[in-house]
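Reviewing the structure listed below.
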Amino acid sequence: MNELIQFLYSTGVVNIDWRNGVMLVVALGFIYLAISRRLEPYELLPIGLGIIIANLPLTGLTTFDASSEVFQNSGIFGIIFHFGLSFWNILPPIIFLGLGAMTDFGPIIANPKTLLLGAAAQIGIFAAFWGALATNLLPWLGVDFTLPQAAAIGIIGGADGPTTIFLSARLAPELLGITAVIAYSYMASVVFIQPPLMKLMTTRKERSIEMPPLREVSQKERLIFPTIAMIIIILVVPRAAPLIAMFMIGNIFRESGVVPRLTNAASNELLNIATIFLMITVGTQLSAEKVFTRETIVILVLGLGAFSIGTIGGLLFAKIMNLFLPQKINPLIGSAGVSAVPMAARISHLIGQEADSRVYLLPHAIGPNVAGVIGSAVVAGIFISLLPGA
């Protein structure tokens with residue numbers, strides 16, 4: 001009888017509690033959205049599976065024991081988290097290499113002022129950063145965020161999952177699972193969050209502004225831009241180098257036209273492998289004991305506020321630019337300044353089409369969208385440079 005009781009207490013059935021049950025439901029929700037609604041399936045599906053793994057007790061899959069040279073007491077996802085994110089932090093830069101190999105800088109080169117829209121949308125990052133610090137002044141909330149934690153929360157406003165993971169792993173690894181999942185969740189929710197804000201902040205007349213087709217961009221320009229951008233950005237913000245260098249290297253592979261195998265490997269096999277390990281490992285950081293805290297609720301609210309403020313910031317800056325530009329731009333492309341590529345650009349195009357079917361904004365919105373990726377990576381580098389804990 002004692003052996004039977006001892007066996008029962010060694011199973012997950014006895015050790016699971018209601019919080020784990022709630023997280024399993026959340027995981028199934030992520031899987032449903034990925035499969036049935038096709039919302040960010042490459043992120044939400046593996047994250048959902050990771051959440052399931054994290055909330056099945058006694059598996060040991062997420063533990064890491066550094067006391068042994070061979071880590072025999074560590075689980076596979078504990079090892080991946082330690083070396084791939086916390087210690088070496090190599091998975092997000094690999095993701096950026098693949099993204100660079102898939103990115104077209106043509107719209108930015110053809111219309112350089114869209115870089116400003118991408119920069120303006122980063123205001124959401126700083127709003128959430130200061131908002132996180134401001135919550136420390138409200139004792140009834142029961143939270144006390146450090147400067148590095150506030151930075152990890154703020155970067156959610158960039159709506160850039162890999163950058164959020166990169167910065168959180170560097171400054172506040174204890175928040176990595178929460179910040180990463182919130183960032184990807186809001187990226188998947190662009191279609192619900194952005195349109196009401198876009199319609200609120202613009203008139204139908206503004207949404208109906210037609211923009212002329214972009215000029216053709218030569219291969220020479222496509223090669224010069226990422227090369228010069230990489231040199232300048234890394235010289236100014238060296239701590240952004242892991243993301244910016246890999247992003248630009250991937251793009252130069254693409255635009256050179258002479259290394260198709262490297263381009264294909266970076267944008268397919270390598271990107272896919274990194275995505276599998278990164279997303280599942282992020283999900284495994286969402287165990288019930290980490291999620292059911294006041295800090296998680298506050299981060300959810302701050303993340304939503306950051307994303308919304310970033311969207312509004314891009315829209316307002318586009319309207320300000322129109323006060324001085326002889327050739328007006330459609331302010332809807334300003335909302336694409338957040339880094340949710342390419343969903344935010346598509347939403348700008350669709351809302352423009354609703355106002356006037358002759359409005360074709362997709363190529364114009366890609367410019368600020370890609371600029372937002374660069375902008376969020378630069379801000380992450382600035383945070384790492386200035387804040388303790390880096």
Quiz: residues 100-128 side-chain donor-acceptor pairs under 3.5 angstrom, not counting sequence neighbours:
residue, atom, partner, partner atom, Å
T103, OG1, L99, O, 2.6
D104, OD1, G106, N, 2.8
D104, OD1, R222, NH1, 2.4
N111, OD1, K113, NZ, 2.9
T114, OG1, N111, O, 2.8
Q122, NE2, G118, O, 2.8
Q122, NE2, G337, O, 3.4

Validation row, ring centre F383 to ring centre F129 under 6.0 Å = yes

Please report the closest heavy-atom contact between [X] and [Y], naming both atoms and the distance.
X: L197; Y: L315; result: O-CD1, 4.0 Å
X: Q219; Y: G257; result: NE2-N, 4.5 Å
X: A288; Y: N20; result: CB-ND2, 3.6 Å
X: A240; Y: A377; result: CB-O, 3.6 Å
X: P242; Y: P93; result: O-CB, 3.5 Å
X: F145; Y: E295; result: CE2-CG, 3.8 Å

Distance check, rounded to the nearest 0.5 Å: [X] atom [atom1] versus [Y] atom [atom2]?
X: I228; Y: I233; atom1: CD1; atom2: CD1; value: 11.5 Å
X: D160; Y: I374; atom1: CG; atom2: CD1; value: 11.0 Å
X: L278; Y: L85; atom1: CG; atom2: CG; value: 5.5 Å
X: R204; Y: I209; atom1: CZ; atom2: CD1; value: 13.5 Å
X: L243; Y: L167; atom1: CG; atom2: CG; value: 9.0 Å
X: L361; Y: N330; atom1: CG; atom2: CG; value: 4.5 Å

Any non-hydrogen side-chain atom of [X] less than 4.5 Å from a side-chain atom of [Y]?
X: M211; Y: I333; answer: yes
X: P213; Y: Y360; answer: no
X: I155; Y: F166; answer: no
X: Q149; Y: E174; answer: yes
X: H364; Y: I329; answer: no
X: Q194; Y: I351; answer: no
X: I52; Y: F30; answer: no
X: I165; Y: L91; answer: no

Identify whether [X] and [Y] are in the same connected component of the hydrophobic contact network (ILVMFWY, side-chain heavy atoms under 4.5 Å).
X: I94; Y: I244; value: yes
X: L300; Y: I309; value: no
X: I16; Y: V22; value: no
X: V25; Y: I51; value: no
X: V237; Y: F247; value: yes

Nonpolar side-chain network containing I231, other nodes, edges under 4.5 Å = L235

Checking [X] side chain against [Y] main chain: does a donor-acceptor pair fall under 3.5 Å?
X: T296; Y: V291; result: yes
X: S74; Y: D65; result: yes
X: T179; Y: L176; result: yes
X: Q353; Y: V359; result: yes
X: T311; Y: S335; result: no
X: N369; Y: V338; result: yes

Applying salt bridge (Lys or Arg N to Asp or Glu O under 4.0 Å), which residue pairs with at least one partner in residues 308-334 are found, sequence neighbours left out?
-> E206-K319

Is the closest side-chain donor-acceptor distance between R239 and S385 under 3.5 Å?
-> no

Does atom CZ of R38 have more than 12 heavy-atom neighbours from other groups under 6.0 Å away?
-> no

Just wondering, more than 12 heavy atoms not from R19 lying within 6.0 Å of its CZ?
-> yes

Can you sort out the partners of K220 under side-chain contact (heavy atoms from CB on, under 4.5 Å), two or more places apart, ordered by chain and number?
-> S218, I224

Side chain to side chain contact (heavy atoms under 4.5 Å, CB included) between T163 and F96, intermediate numbers included | CA-CA 9 Å; T163 301; F96 259 65; 3.3 Å; yes

Determine, step by step, whether I280 and I47 satisfy the side chain to side chain contact (heavy atoms under 4.5 Å, CB included) criterion, reporting the C-alpha distance in whole Å, the side-chain angles of both residues, the deciding distance to 0.1 Å, and the verdict.
-> CA-CA 5 Å; I280 296 178; I47 286 175; over 6 Å; no

Begin with the C-alpha distance, continue with both residues' side-chain angles, and end with the deciding distance and a verdict on side chain to side chain contact (heavy atoms under 4.5 Å, CB included) for M198 and S348.
-> CA-CA 8 Å; M198 296 162 75; S348 298; 4.0 Å; yes

For residues 263-302, the ring pair (Phe, Tyr, Trp, His ring centres under 6.0 Å) pairs (sequence neighbours left out) are W18-F292

Given K199 and R207, is the side chain to side chain contact (heavy atoms under 4.5 Å, CB included) satisfied, shown in steps?
-> CA-CA 8 Å; K199 294 177 180 179; R207 296 194 294 272; 4.1 Å; yes

Output every pair passing side-chain hydrogen bond (donor to acceptor under 3.5 Å, both in side chains) with a member in residues 253-263, not counting sequence neighbours, ordered by first then second residue.
-> none

